[in-house]
Amino acid sequence: MAPALSPAPLPRAFYRRDPRVVAPELLNKVLVVRERSGRIVEVEAYAGAEDPGSHAFRGPTPRNASMFGPPGLLYVYRSYGIHWCANAVCGDEGVGVAVLLRALAPLTGLDGMRAARPGTARDRDLCSGPGRLCQALGLTGAHDGADLVTAEGGPFLADDGTAPPAAPANTTRVGLTRGAAHPWRWYVPGDPNVSRGRPSALPGARGVR
DNA sequence: ACCGGGATGTTCT
DNA sequence: GAACATCCCGGTG
């Protein structure tokens, strides 16, 4: 049995919508992986077949298969051969849209996060990037396709009663060349845990400030 | 503070 | 072969 105080996973209907609607609503929700958890402070939406920046742009492949599964699955992929990045699958099954989780404010299990990211001096750098948060929470390719709704002891997303920011910051996405003009990144203004990646279409601009 | 480059594996041209 | 939804480290100002 789950502890009584642990928030319930978000229902599948939450995810079964356009990722550009889901993404800003995911701000201030909580990602839980065993004893480690963090509040989502930065996200990006990937809009599938209409979005050249999306892994799903050219249709299903072995790598992106879970993006085409039911909404509420976790899509984890390897980035630059080194890092793992985690997405919440959105929309209807078979569509291939998702929200990339880019940064968290650490909430619980900080000791485990520090152990998973040795050499990280400041707690604000534990989860301040898509690769960093996966490393801190121990998310890997083994979690690709996990169901965030039924959870079953695995990772899940929950609402702990904190509303999304009334006026989230909104910029273009980080690190893209294709689809770079779309303003599909959102973050909690002023939160120190937001990554410092800079928006693709605004050279010289700061991602956080 | 702001760069530039390297690591490393998977996908695509 | 090149590109890549990144991160870290070491240069320089």
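Chain letters run A, B, ... following the sequence lines, proteins first and then strands; every chain starts at 1.
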Both A:G175 and A:R132 contact DNA chain C. Which one's nearest nucleotide lies toward the 5' end? A:G175

Does a distance-only test, which skips hydrogens and angles, find a donor-acceptor pair under 3.5 Å between the side chain of A:Y80 and the base of B:dA7? no

Shortest side-chain distance from A:R117, nucleotide among C:dA5, C:dC8, B:dC12: C:dC8

Only one of A:R173, A:R20, A:R58 clears salt bridge (charged side-chain N to carboxylate O under 4.0 Å, His left out) with A:D51; which? A:R173

Between B:dA7, C:dA5, C:dT6, which nucleotide gets closest to the side-chain atoms of A:I82? B:dA7

Considering only B:dT13, B:dT8, B:dT11, which nucleotide approaches the side chain of A:R63 most closely? B:dT11

Proximal nucleotide (of C:dC7, C:dA5, B:dT13) relative to the A:P130 side chain: C:dC7

Round to a whole Å and report the spacing from CZ of A:R78 to P of C:dC7. 14 Å

Searching all strands shown, indicate the nucleotide that pairs with B:dT8 (Watson-Crick or G-U wobble; both distances under 3.5 Å). none

Check the distance between C:dA5's C1' and A:R196's CZ and give it to me in whole angstrom. 19 Å

Length of the line joining A:E42:CD and C:dC7:C1', which is rounded to integer Å: 14 Å

Taking OP1 and OP2 of C:dC4, is either one under 4.0 Å from a side-chain nitrogen or oxygen of A:R178? no

Using the ring centroid of each side chain, check whether A:Y46 and A:H55 are separated by less than 6.0 Å. no

Atom pair distance, as rounded to whole Å: CG in A:D144 and C1' in B:dT10: 13 Å

Rounded to the nearest Å, what distance is computed from the CD atom of residue A:Q135 to the P atom of nucleotide C:dA5? 20 Å

Ring of A:F14, cation from A:R17 - is the NZ or CZ under 6.0 Å from the centre and inside 45° of the axis? yes

So, does A:H83 get its side chain near the phosphate of C:dC7, meaning an N or O under 4.0 Å from OP1 or OP2? no

Side-chain touch A:P168/A:V188, heavy atoms, less than 4.5 angstrom: no

How many whole angstroms separate atom CG of A:N64 from atom C1' of C:dC4? 14 Å

Mind calculating the distance between CG (A:L139) and P (C:dT6) to the nearest angstrom? 16 Å

Candidate nucleotides C:dC7, C:dA5, B:dG9, ranked by approach to the side chain of A:L176 - the nearest: C:dA5

Using a strict cut-off of less than 4.0 Å between a Lys/Arg side-chain nitrogen and an Asp/Glu carboxylate oxygen, indicate whether A:R114 and A:D123 qualify as a salt bridge. yes

A:T177 side-chain N/O to C:dC4 phosphate OP1/OP2 under 4.0 Å: yes

Provide, to the nearest angstrom, the distance between the CH2 atom belonging to A:W84 and the C1' atom belonging to C:dC7. 16 Å

